[in-house]
Amino acid sequence: EKVSTMERRWTLNDFDIGKPLGRGKFGHVYLAREKKSNHIVALKVLFKSQLKQSQVEHQLRREVEIQSHLRHPNILRLYGYFYDQTRVYLILEYAAKGELYKELQKCKYFSERRAATYVASLARALIYLHGKHVIHRDIKPENLLIGVQGELKIADFGWSVHTFSRRRTMCGTLDYLPPEMVESVEHDASVDIWSLGVLCYEFLYGVPPFEAKEHSDTYRRIIKVDLKFPPKPIVSSAAKDLISQMLVKDSSRRLPLHKLLEHPWILHNADPSGIYRG
Ligand SMILES: COCCOc1ccc2cc1OCC(=O)N(C)CCCNCc1c[nH]c3ncnc(c13)N2
(Lines give C-alpha, C1' and ligand atoms only; values in the text may rest on other atoms or scores of the structure.)
Protein backbone atom coordinates (compact mmCIF):
# COMPACT_ATOMS: atom_id res chain seq x y z
CA GLU A 1 0.00 0.00 0.00
CA LYS A 2 1.13 3.59 -0.56
CA VAL A 3 3.07 4.57 2.60
CA SER A 4 2.47 8.26 3.28
CA THR A 5 5.55 10.04 2.06
CA MET A 6 5.91 11.95 5.32
CA GLU A 7 6.22 8.77 7.43
CA ARG A 8 8.76 6.96 5.19
CA ARG A 9 12.36 6.87 6.40
CA TRP A 10 14.02 8.47 3.43
CA THR A 11 17.79 8.44 2.90
CA LEU A 12 20.04 10.01 0.31
CA ASN A 13 20.40 6.54 -1.28
CA ASP A 14 16.75 6.67 -2.31
CA PHE A 15 17.62 9.41 -4.83
CA ASP A 16 19.71 10.03 -7.91
CA ILE A 17 20.89 13.63 -7.63
CA GLY A 18 20.71 15.82 -10.75
CA LYS A 19 21.65 19.39 -11.66
CA PRO A 20 21.68 22.17 -9.06
CA LEU A 21 18.53 24.33 -9.26
CA GLY A 22 19.91 27.22 -7.27
CA ARG A 23 21.40 28.35 -4.01
CA GLY A 24 19.37 29.88 -1.15
CA LYS A 25 20.26 31.46 2.17
CA PHE A 26 20.48 28.14 4.01
CA GLY A 27 21.43 25.71 1.30
CA HIS A 28 21.30 24.40 -2.25
CA VAL A 29 18.38 22.95 -4.18
CA TYR A 30 18.98 20.04 -6.59
CA LEU A 31 16.92 18.22 -9.16
CA ALA A 32 16.57 14.60 -7.99
CA ARG A 33 14.82 11.37 -8.92
CA GLU A 34 13.45 8.92 -6.39
CA LYS A 35 14.88 5.58 -7.55
CA LYS A 36 11.92 3.23 -6.94
CA SER A 37 9.17 5.44 -8.42
CA ASN A 38 11.33 7.45 -10.88
CA HIS A 39 9.46 10.45 -9.46
CA ILE A 40 11.27 13.72 -10.21
CA VAL A 41 11.57 16.01 -7.17
CA ALA A 42 13.54 19.01 -5.93
CA LEU A 43 15.85 18.26 -3.00
CA LYS A 44 16.73 21.18 -0.79
CA VAL A 45 19.87 20.54 1.28
CA LEU A 46 20.31 22.65 4.42
CA PHE A 47 23.45 22.61 6.55
CA LYS A 48 22.74 21.92 10.23
CA SER A 49 25.67 24.14 11.19
CA GLN A 50 24.12 27.13 9.40
CA LEU A 51 20.66 26.41 10.81
CA LYS A 52 22.14 26.28 14.33
CA GLN A 53 24.17 29.42 13.77
CA SER A 54 21.04 31.31 12.64
CA GLN A 55 18.90 29.64 15.36
CA VAL A 56 16.22 28.60 12.87
CA GLU A 57 16.20 24.84 13.38
CA HIS A 58 13.02 24.88 15.55
CA GLN A 59 11.47 27.27 13.02
CA LEU A 60 12.32 24.85 10.21
CA ARG A 61 10.69 21.96 12.15
CA ARG A 62 7.54 24.02 12.67
CA GLU A 63 7.40 25.11 9.03
CA VAL A 64 7.98 21.55 7.76
CA GLU A 65 5.15 20.41 10.05
CA ILE A 66 2.79 23.04 8.58
CA GLN A 67 3.95 22.62 4.99
CA SER A 68 3.54 18.83 5.02
CA HIS A 69 -0.22 19.27 5.64
CA LEU A 70 -0.79 21.88 2.94
CA ARG A 71 -2.34 20.80 -0.36
CA HIS A 72 -2.96 23.58 -2.88
CA PRO A 73 -2.10 23.86 -6.60
CA ASN A 74 -0.28 27.17 -5.97
CA ILE A 75 1.71 26.02 -2.94
CA LEU A 76 4.82 23.93 -3.54
CA ARG A 77 4.31 20.45 -2.03
CA LEU A 78 6.64 19.14 0.65
CA TYR A 79 6.68 15.32 0.26
CA GLY A 80 9.03 14.56 3.15
CA TYR A 81 12.33 15.25 4.81
CA PHE A 82 15.28 13.41 6.30
CA TYR A 83 18.65 14.27 7.76
CA ASP A 84 22.15 12.91 8.28
CA GLN A 85 25.09 13.94 10.45
CA THR A 86 25.53 17.38 8.90
CA ARG A 87 22.53 18.19 6.72
CA VAL A 88 18.74 18.34 6.60
CA TYR A 89 17.07 17.39 3.28
CA LEU A 90 13.63 18.58 2.14
CA ILE A 91 11.91 16.51 -0.57
CA LEU A 92 9.87 18.98 -2.60
CA GLU A 93 7.65 19.18 -5.64
CA TYR A 94 9.75 20.17 -8.67
CA ALA A 95 8.73 23.41 -10.43
CA ALA A 96 9.99 22.88 -13.97
CA LYS A 97 9.89 26.53 -15.12
CA GLY A 98 11.96 27.76 -12.18
CA GLU A 99 12.02 31.08 -10.40
CA LEU A 100 9.46 33.76 -11.17
CA TYR A 101 11.83 36.62 -10.39
CA LYS A 102 14.16 35.50 -13.18
CA GLU A 103 11.21 35.60 -15.57
CA LEU A 104 10.31 39.09 -14.27
CA GLN A 105 13.92 40.27 -14.73
CA LYS A 106 13.91 38.88 -18.24
CA CYS A 107 10.74 40.61 -19.43
CA LYS A 108 11.25 43.68 -17.18
CA TYR A 109 7.51 43.70 -16.34
CA PHE A 110 4.51 41.46 -17.07
CA SER A 111 1.47 42.07 -19.22
CA GLU A 112 -1.74 42.88 -17.33
CA ARG A 113 -3.10 39.43 -18.17
CA ARG A 114 -0.02 37.67 -16.83
CA ALA A 115 0.14 39.86 -13.70
CA ALA A 116 -3.58 39.40 -12.99
CA THR A 117 -3.36 35.62 -13.50
CA TYR A 118 -0.50 35.35 -10.99
CA VAL A 119 -2.16 37.74 -8.49
CA ALA A 120 -5.41 35.74 -8.62
CA SER A 121 -3.49 32.47 -8.06
CA LEU A 122 -1.67 33.99 -5.09
CA ALA A 123 -4.95 35.31 -3.67
CA ARG A 124 -6.48 31.84 -3.88
CA ALA A 125 -3.40 30.32 -2.18
CA LEU A 126 -3.55 32.96 0.58
CA ILE A 127 -7.30 32.38 1.13
CA TYR A 128 -6.47 28.68 1.57
CA LEU A 129 -3.58 29.46 3.96
CA HIS A 130 -5.58 31.99 6.02
CA GLY A 131 -8.30 29.35 6.28
CA LYS A 132 -5.64 27.18 7.98
CA HIS A 133 -4.54 30.10 10.18
CA VAL A 134 -1.22 30.32 8.40
CA ILE A 135 -0.21 33.88 7.55
CA HIS A 136 2.56 35.91 6.07
CA ARG A 137 4.11 33.61 3.60
CA ASP A 138 6.67 36.20 2.69
CA ILE A 139 5.40 36.35 -0.87
CA LYS A 140 8.09 38.12 -2.82
CA PRO A 141 9.28 37.21 -6.34
CA GLU A 142 12.29 35.23 -4.99
CA ASN A 143 9.97 32.76 -3.27
CA LEU A 144 7.67 32.18 -6.22
CA LEU A 145 8.22 29.39 -8.71
CA ILE A 146 6.58 28.44 -12.01
CA GLY A 147 5.31 24.92 -12.65
CA VAL A 148 5.54 23.01 -15.91
CA GLN A 149 2.16 24.34 -17.11
CA GLY A 150 3.07 27.93 -16.22
CA GLU A 151 1.21 27.87 -12.90
CA LEU A 152 2.58 29.82 -9.96
CA LYS A 153 3.86 28.04 -6.80
CA ILE A 154 4.70 29.62 -3.44
CA ALA A 155 7.97 27.97 -2.37
CA ASP A 156 8.77 29.75 0.84
CA PHE A 157 7.58 28.15 4.08
CA GLY A 158 6.85 31.43 5.80
CA TRP A 159 10.12 31.62 7.65
CA SER A 160 9.25 35.25 8.16
CA VAL A 161 6.59 34.67 10.87
CA HIS A 162 9.15 34.31 13.69
CA THR A 163 12.40 35.18 12.08
CA PHE A 164 11.20 38.10 9.99
CA SER A 165 12.82 40.80 12.13
CA ARG A 166 16.29 39.13 12.22
CA ARG A 167 15.83 37.67 8.76
CA ARG A 168 14.65 40.92 7.19
CA THR A 169 17.48 42.97 8.62
CA MET A 170 19.77 40.02 7.81
CA CYS A 171 18.98 39.85 4.14
CA GLY A 172 17.78 43.31 3.58
CA THR A 173 14.63 43.49 1.56
CA LEU A 174 12.06 45.60 3.36
CA ASP A 175 10.11 46.37 0.19
CA TYR A 176 7.31 43.94 0.98
CA LEU A 177 6.79 44.90 4.64
CA PRO A 178 3.51 46.67 5.52
CA PRO A 179 3.54 49.66 7.89
CA GLU A 180 2.44 47.63 10.94
CA MET A 181 5.44 45.33 10.49
CA VAL A 182 7.86 48.15 9.80
CA GLU A 183 6.55 49.75 13.00
CA SER A 184 6.74 46.22 14.58
CA VAL A 185 3.24 46.26 15.97
CA GLU A 186 1.18 43.05 15.99
CA HIS A 187 -0.01 41.97 12.58
CA ASP A 188 -2.65 39.67 11.15
CA ALA A 189 -3.49 37.99 7.85
CA SER A 190 -4.01 41.41 6.23
CA VAL A 191 -0.22 41.75 6.00
CA ASP A 192 -0.49 39.31 3.09
CA ILE A 193 -2.92 41.61 1.29
CA TRP A 194 -0.37 44.43 1.52
CA SER A 195 2.47 42.18 0.24
CA LEU A 196 0.27 40.97 -2.61
CA GLY A 197 -0.40 44.62 -3.52
CA VAL A 198 3.34 45.28 -3.56
CA LEU A 199 3.84 42.22 -5.75
CA CYS A 200 1.06 43.27 -8.14
CA TYR A 201 2.73 46.68 -8.54
CA GLU A 202 6.11 45.03 -9.16
CA PHE A 203 4.65 42.63 -11.75
CA LEU A 204 3.27 45.62 -13.68
CA TYR A 205 6.11 48.16 -13.27
CA GLY A 206 9.13 45.88 -12.76
CA VAL A 207 10.06 47.59 -9.46
CA PRO A 208 8.39 47.51 -6.01
CA PRO A 209 6.38 50.67 -5.16
CA PHE A 210 8.42 51.94 -2.18
CA GLU A 211 11.89 51.16 -3.48
CA ALA A 212 14.56 53.61 -2.36
CA LYS A 213 18.35 53.66 -2.13
CA GLU A 214 18.49 53.59 1.68
CA HIS A 215 16.53 51.36 4.10
CA SER A 216 15.49 54.48 6.01
CA ASP A 217 13.94 55.94 2.87
CA THR A 218 12.07 52.71 2.12
CA TYR A 219 10.75 52.67 5.74
CA ARG A 220 9.57 56.25 5.38
CA ARG A 221 7.88 55.62 2.04
CA ILE A 222 6.08 52.53 3.40
CA ILE A 223 4.87 54.24 6.57
CA LYS A 224 3.67 57.22 4.56
CA VAL A 225 2.21 54.86 1.89
CA ASP A 226 4.00 57.07 -0.61
CA LEU A 227 2.39 55.30 -3.61
CA LYS A 228 3.15 56.77 -7.04
CA PHE A 229 2.32 55.29 -10.46
CA PRO A 230 4.95 56.17 -13.10
CA PRO A 231 3.69 57.26 -16.56
CA LYS A 232 5.54 54.32 -18.16
CA PRO A 233 4.80 51.48 -18.66
CA ILE A 234 1.17 52.34 -19.33
CA VAL A 235 -1.02 50.53 -16.80
CA SER A 236 -4.83 50.47 -16.75
CA SER A 237 -6.68 52.54 -14.15
CA ALA A 238 -8.42 49.33 -13.04
CA ALA A 239 -5.03 47.86 -12.04
CA LYS A 240 -4.10 51.08 -10.20
CA ASP A 241 -7.48 51.02 -8.46
CA LEU A 242 -6.87 47.46 -7.20
CA ILE A 243 -3.34 48.26 -5.99
CA SER A 244 -4.61 51.41 -4.24
CA GLN A 245 -7.22 49.33 -2.38
CA MET A 246 -4.52 46.89 -1.14
CA LEU A 247 -1.77 49.34 -0.16
CA VAL A 248 -3.81 50.98 2.61
CA LYS A 249 -2.13 51.86 5.91
CA ASP A 250 -5.12 50.83 8.07
CA SER A 251 -4.88 47.03 7.76
CA SER A 252 -8.62 46.61 8.48
CA ARG A 253 -9.48 48.67 5.40
CA ARG A 254 -7.41 46.67 2.88
CA LEU A 255 -9.44 44.92 0.18
CA PRO A 256 -10.25 41.41 1.48
CA LEU A 257 -8.82 38.62 -0.69
CA HIS A 258 -12.21 37.25 -1.75
CA LYS A 259 -13.19 40.78 -2.88
CA LEU A 260 -9.93 40.95 -4.85
CA LEU A 261 -11.06 37.93 -6.87
CA GLU A 262 -14.23 39.89 -7.82
CA HIS A 263 -12.36 43.07 -8.79
CA PRO A 264 -13.02 44.12 -12.44
CA TRP A 265 -9.29 44.11 -13.25
CA ILE A 266 -8.98 40.49 -12.07
CA LEU A 267 -12.25 39.37 -13.71
CA HIS A 268 -11.22 41.00 -16.96
CA ASN A 269 -7.57 39.89 -17.08
CA ALA A 270 -6.90 36.78 -14.98
CA ASP A 271 -7.04 33.39 -16.67
CA PRO A 272 -9.52 31.40 -14.54
CA SER A 273 -7.27 28.32 -14.63
CA GLY A 274 -4.42 30.28 -13.05
CA ILE A 275 -2.25 29.33 -15.99
CA TYR A 276 -0.58 32.04 -18.05
CA ARG A 277 -0.27 30.64 -21.57
CA GLY A 278 1.53 33.66 -23.08
C1 LIG B 1 13.81 26.12 4.13
O2 LIG B 1 13.53 26.09 2.77
C3 LIG B 1 12.16 26.04 2.51
C4 LIG B 1 11.92 25.62 1.07
O5 LIG B 1 12.49 26.61 0.25
C6 LIG B 1 12.61 26.33 -1.09
C7 LIG B 1 12.06 25.21 -1.71
C8 LIG B 1 12.28 24.98 -3.08
C9 LIG B 1 13.05 25.88 -3.82
C10 LIG B 1 13.57 27.02 -3.20
C11 LIG B 1 13.35 27.25 -1.83
O12 LIG B 1 13.81 28.32 -1.14
C13 LIG B 1 14.47 29.36 -1.84
C14 LIG B 1 15.84 28.88 -2.28
O15 LIG B 1 16.38 27.93 -1.74
N16 LIG B 1 16.42 29.54 -3.35
C17 LIG B 1 15.97 30.84 -3.80
C18 LIG B 1 17.50 28.92 -4.14
C19 LIG B 1 17.00 27.84 -5.08
C20 LIG B 1 15.94 28.30 -6.02
N21 LIG B 1 15.04 27.22 -6.42
C22 LIG B 1 14.95 26.98 -7.83
C23 LIG B 1 13.95 25.97 -8.25
C24 LIG B 1 13.72 25.66 -9.57
N25 LIG B 1 12.77 24.69 -9.67
C26 LIG B 1 12.37 24.35 -8.40
N27 LIG B 1 11.47 23.43 -8.01
C28 LIG B 1 11.25 23.30 -6.71
N29 LIG B 1 11.86 24.03 -5.76
C30 LIG B 1 12.78 24.97 -6.12
C31 LIG B 1 13.08 25.14 -7.49
N32 LIG B 1 13.34 25.73 -5.15
Side-chain angles (χ1 to χ4, degrees), residues 5-6 10 15-34 39-84 86-106 118 121-122 125 129 134-164 166-168 170-173 175-176 195 199 202 275-276:
T5 47
M6 279 312 282
W10 297 102
F15 301 92
D16 289 319
I17 307 298
K19 66 174 181 175
L21 292 171
R23 210 159 44 81
K25 179 105 196 62
F26 295 95
H28 295 64
V29 183
Y30 297 91
L31 191 59
R33 180 180 51 220
E34 200 278 313
H39 188 196
I40 298 292
V41 295
L43 202 62
K44 180 156 180 178
V45 184
L46 300 134
F47 290 97
K48 283 185 178 177
S49 55
Q50 265 193 355
L51 294 171
K52 214 177 293 304
Q53 188 186 345
S54 317
Q55 290 149 17
V56 291
E57 54 262 68
H58 65 282
Q59 167 75 28
L60 177 64
R61 243 189 296 280
R62 196 179 73 82
E63 287 313 319
V64 164
E65 176 50 33
I66 294 176
Q67 183 71 19
S68 56
H69 293 99
L70 298 178
R71 297 279 186 285
H72 189 278
N74 300 113
I75 297 171
L76 199 78
R77 272 293 308 279
L78 172 75
Y79 298 122
Y81 69 96
F82 56 97
Y83 46 85
D84 60 20
T86 54
R87 289 162 293 216
V88 176
Y89 304 83
L90 303 180
I91 310 164
L92 297 141
E93 172 186 2
Y94 170 53
K97 290 200 170 148
E99 298 172 88
L100 182 115
Y101 91 90
K102 284 183 182 167
E103 188 57 31
L104 184 55
Q105 271 176 348
K106 209 167 70 184
Y118 289 153
S121 298
L122 281 164
L129 288 174
V134 174
I135 62 168
H136 197 49
R137 309 295 295 168
D138 195 14
I139 43 169
K140 56 183 190 277
E142 292 76 9
N143 295 330
L144 302 176
L145 299 167
I146 307 177
V148 67
Q149 312 263 350
E151 72 281 23
L152 184 140
K153 305 259 177 189
I154 301 176
D156 185 83
F157 298 168
W159 285 59
S160 59
V161 178
H162 286 296
T163 56
F164 85 87
R166 268 198 315 285
R167 205 170 74 88
R168 288 256 187 259
M170 242 161 44
C171 48
T173 172
D175 286 305
Y176 302 82
S195 303
L199 207 62
E202 183 168 3
I275 291 177
Y276 173 73

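Atoms within each ligand, like the ligands themselves, are counted from 1 in listed order. Computed from a predicted structure; not experimentally measured.
Contacts of A95 with ligand 1, taken as heavy-atom pairs under 4.0 Å, involve both backbone and side chain. Proximity of L145 to ligand 1, defined as any heavy-atom pair under 4.0 Å, is confined to the side chain (atoms from C-beta onward). At a heavy-atom cutoff of 4.0 Å, ligand 1 is contacted by the side chain of E99 but not by its backbone.
Numbered from 1 in the order shown, with element, the atoms of ligand 1 that lie under 4.0 Å from a heavy atom of A42 read 27 (N), 28 (C), 29 (N). Atoms of ligand 1 found under 4.0 Å from any heavy atom of G22 (numbered from 1 in listed order, with element): 18 (C), 19 (C). Here is the list of ligand 1 atoms found below 4.0 Å of a heavy atom in E93: 27 (N), 28 (C).
Which of N143, L92, V29 comes nearest to atom 7 (C) of ligand 1 through a heavy atom is settled by distance: it is L92. Here atom 5 (O) of ligand 1 lies nearest to K44 when heavy atoms of R77, K44, H28, K153 are compared. The nearest non-hydrogen atom to atom 21 (N) of ligand 1, considering only L21, L76, L144, comes from L21.
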> Between D84 and Y89, does a side chain to side chain donor-acceptor pair (under 3.5 Å) hold up when you go through it step by step?
Replying inline: CA-CA 8 Å; D84 60 20; Y89 304 83; 2.5 Å; yes
> Hey, mind stepping through E103 and K106 against salt bridge (Lys or Arg N to Asp or Glu O under 4.0 Å) and telling me if it holds?
Replying inline: CA-CA 5 Å; E103 188 57 31; K106 209 167 70 184; 3.5 Å; yes
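Checked by atom type and distance alone, the side chain of R23 never pairs as donor or acceptor with a backbone atom of P20 at under 3.5 Å. K19 contributes no side-chain N or O that, together with a main-chain N or O of L31, makes up a donor-acceptor pair within less than 3.5 Å.
For the residue pair Y176 and E202, a side-chain donor N or O sits within less than 3.5 Å of a side-chain acceptor on the partner.
Two rings, from W10 and F15, have their centers less than 6.0 Å apart.
Within 6.0 Å of the CZ atom in R87, the count of heavy atoms belonging to other residues, nucleotides or ligands exceeds 12.
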